[in-house]
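Beneath this line is the structure, given in structure tokens, with notes to follow.
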Amino acid sequence: MKVLVSDPLSEQGLTILQQHFTVDVITKLSEEELVEKIPEYDALVIRSGTQVTRKVIEAADKMKIVGRAGVGVDNVDVEAATEKGIIVVNAPEGNMLSAAEHTIAMMMALARNVPQADASLKAKKWERGKFMGVEVNGKTLGVIGLGRIGAEVAKRAQGMNMNILAYDPFVSEERAKEMGVKMMSVQEIAKEADFITVHTPLTKDTRNIIDAEEFGMMKTNARIINCARGGIINEEALAEALNSEKIAGAAIDVFTSEPPFDGPLIDCKNIIVTPHLGASTKEAQINVAVSVAEEVVAVLNGGTAKNA
Ligand code: NAD
Ligand code: MLT
């Protein structure tokens, strides 16, 4: 059987696939090129670069499984795949610690202006007065989406003596209590939090969950972080809130369109940005690659998938 790997995948995942199947690694394929190649493959393994559209799925005559080495399956037309009987699996746990750590890194960099100060000193300026920061100690962090990554972020922030508020309609009061977290509405969090971080999937309910109305409720010292998916925070409303200094800053890893060169965010006041690096650690990339490779082996050998 043949497996197509169409985004870079760590060696450990490739080795597992190669022990069982013929594996072709061909990256940066256009939709047309993928449509042309896909009929010969039994499985497709991707990260976030490949768009598995309905057109690709319709051409995938032998395909049994699409494996996404990561969490979000928003680059796969899951409905089209399901209609065709193709299983879509992800790797839900392999990169969660890396994403949580990146969120904390972004929060701290935002609080202390680390990227701006680094750029200033490298431009041969000594501007100690310009980069006055804030402590996170004793501050309130609002977590929208208290799933795997949100919970890990909350735990780490508690370790820095932050108070945690959260909104997640699928988390019980009892579970929140166990975690030492107070559940509130998005609007209550907008009014009370010093830092807000979003960790939901991008769905019709979470798109623009933070919009102009919520920015209007925030404190002027509020800072917001998105290491989940572009579009959970409305980008135009965020740009307006930053440029009018309605809020104090934002740290953004993900964008509605990537790379975000034509979007409204990267030139805003008081924003720090990274190019979708939440899962970019050696550990996470090994974990997700091994996880999807094992799923592909199981399914192509007639077994079942754990993370369908
Ligand atoms: P998860 O499924 O474990 O948690 C998501 C949480 O969001 C769940 O608890 C769910 O109940 C909650 N949720 C769903 N709808 C909601 C709504 N309307 N309002 C509030 N909460 C809602 O997922 P996860 O692994 O924690 O991933 C979170 C996000 O991070 C995903 O969007 C994922 O794609 C993204 N992610 C990004 C990176 C990166 O590189 N930046 C890395 C990993 C994951
Ligand atoms: C994910 O959903 O797993 C992350 O966005 C990381 C990635 O796309 O590789």
Side-chain angles (χ1 to χ4, degrees), residues 5-10 13 27 45-52 66-76 78 88-107 142-156 164-173 175-176 179 181 183-190 196-211 214 225-233 251-256 258-260 273-289 291-292 307:
V5 177
S6 62
D7 289 315
L9 192 74
S10 91
T27 60
V45 175
I46 57 166
R47 282 176 53 202
S48 54
T50 303
Q51 297 299 316
V52 187
V66 174
R68 161 71 163 101
V71 178
V73 286
D74 30 66
N75 53 327
V76 181
V78 178
V88 179
V89 298
N90 69 349
E93 289 176 359
N95 63 25
M96 67 179 189
L97 298 181
S98 291
E101 288 183 2
H102 193 62
T103 305
I104 297 291
M106 291 293 263
M107 181 172 71
V143 180
I144 316 280
L146 196 60
R148 292 182 185 86
I149 298 168
E152 292 295 335
V153 168
K155 204 195 294 177
R156 282 157 180 72
I164 314 295
L165 309 177
Y167 171 70
D168 189 323
F170 305 102
V171 170
S172 67
E173 281 290 344
R175 167 93 180 112
M179 295 170 68
V181 168
M183 300 306 280
M184 285 193 170
S185 69
V186 173
Q187 287 70 25
E188 285 167 323
I189 290 173
I196 297 174
T197 183
V198 296
H199 297 286
T200 66
L202 181 65
T203 66
K204 64 175 178 28
D205 295 326
T206 63
R207 186 180 293 280
N208 300 329
I209 200 165
I210 308 271
D211 209 331
E214 288 70 31
I225 303 140
N226 186 358
C227 291
R229 275 292 175 276
I232 297 171
I233 300 170
I252 306 293
D253 183 50
V254 286
F255 302 86
T256 48
E258 294 180 357
V273 290
T274 47
H276 202 145
L277 294 184
S280 295
T281 63
K282 287 184 181 151
E283 294 85 353
Q285 287 313 311
I286 292 171
N287 291 342
V288 295
S291 170
V292 287
N307 299 310

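Just so it is clear, the model here is predicted, and its values are computed rather than measured. Just follow the structure's listing: the first ligand is 1, and inside any ligand the first atom is 1.
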Taking [X] for the side chain and [Y] for the main chain, is one N or O donor matched with an acceptor at less than 3.5 Å?
X	Y	result
R47	P8	yes
T203	D205	yes
N226	R229	yes
T200	T206	no
N95	G70	no
Q285	S280	no
N90	V71	yes
D253	L277	yes

Taking only heavy atoms of [X] into account, list the atoms of ligand 2 that are under 4.0 Å away from them.
X	answer
H276	4 (C), 5 (O), 6 (C), 8 (O)
R68	1 (C), 2 (O), 3 (O), 7 (C), 8 (O), 9 (O)
G70	3 (O)
S48	8 (O)
G72	1 (C), 2 (O), 3 (O)

Near [X], which atoms of ligand 1 are under 4.0 Å from a heavy atom of that residue?
X	value
F170	11 (O), 14 (C), 15 (N)
P201	5 (C), 7 (O), 14 (C), 32 (O)
D205	18 (N)
H276	39 (C), 40 (O), 41 (N)
H199	5 (C), 6 (C), 7 (O), 28 (C)
G278	39 (C), 40 (O), 41 (N)
A99	42 (C), 43 (C)
G72	34 (O)

Does a salt bridge link R156 with E152, judged by any charged N lying under 4.0 Å from a carboxylate O?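 Yes.
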
Tell me which protein heavy atom sits closest to [atom], plus the residue, atom name and distance to 0.1 Å.
atom	answer
atom 8 (C) of ligand 1	D168 OD2, 3.4 Å
atom 43 (C) of ligand 1	N95 OD1, 3.3 Å
atom 44 (C) of ligand 1	I149 CD1, 3.3 Å
atom 4 (O) of ligand 1	G147 CA, 3.3 Å
atom 35 (C) of ligand 1	A228 O, 3.5 Å
atom 2 (O) of ligand 1	R148 NH1, 3.9 Å
atom 20 (C) of ligand 1	P169 CD, 3.3 Å
atom 16 (C) of ligand 1	T206 CG2, 3.7 Å
atom 6 (C) of ligand 2	A279 CB, 3.6 Å

Criterion side chain to side chain contact (heavy atoms under 4.5 Å, CB included) on R68 and N75, from CA distance to verdict: CA-CA 9 Å; R68 161 71 163 101; N75 53 327; 3.5 Å; yes

Worked check of side chain to side chain contact (heavy atoms under 4.5 Å, CB included) between L146 and M183: CA-CA 10 Å; L146 196 60; M183 300 306 280; 4.3 Å; yes

Which bit of N95 is near ligand 2, meaning a heavy atom under 4.0 Å away: side chain, backbone, both or neither?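 It is the side chain that touches ligand 2; the backbone stays farther off.
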
Location of contacts on Q285 toward ligand 2, heavy atoms closer than 4.0 Å: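 Within the 4.0 Å criterion, Q285 makes no contact with ligand 2.
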
[X] N/O to ligand 1 N/O under 3.5 Å:
X	result
A279	yes
C227	yes
L202	no

Which heavy atom of I46 sits nearest to which heavy atom of V66, and what is that distance?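 What the structure gives for the nearest pair is CD1-CG1, 4.2 Å.
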
Between A228 and H199, which heavy-atom pair has the shortest distance, and what is it?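 Minimum heavy-atom contact is CB-CA, 3.9 Å.
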
How far apart are the C-alpha atoms of I232 and I210, what are their side-chain angles, what is the distance that settles it, and do they pass the side chain to side chain contact (heavy atoms under 4.5 Å, CB included) test? CA-CA 7 Å; I232 297 171; I210 308 271; 5.6 Å; no

From [atom], work out which of [options] has a heavy atom at the shortest distance.
atom	options	answer
atom 1 (C) of ligand 2	V71, V73, I46	V71
atom 33 (C) of ligand 1	D74, V71, D253	V71
atom 32 (O) of ligand 1	N226, T200, L277	T200

Can you tell me how far apart CD (E214) and OG (S185) are? Round to the nearest 0.5 Å.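 Atom-to-atom, E214:CD and S185:OG are 9.5 Å apart.
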
At what distance, to the nearest 0.5 angstrom, does OG1 of T256 lie from CG of N208?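 Between T256 OG1 and N208 CG, I get 9.5 Å after rounding to 0.5 Å.
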
Under 4.0 Å, heavy-atom basis, I'd like to know which part of V254 is in contact with ligand 1: side chain, backbone, both or neither.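 It is the side chain that touches ligand 1; the backbone stays farther off.
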
Taking atom types as modelled, is there a side-chain donor on H102 or T274 under 3.5 Å from an acceptor on the other?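 A donor-acceptor contact under 3.5 Å links the two side chains.
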
Could you walk me through whether V186 and I209 pass side chain to side chain contact (heavy atoms under 4.5 Å, CB included), step by step? CA-CA 8 Å; V186 173; I209 200 165; 4.1 Å; yes

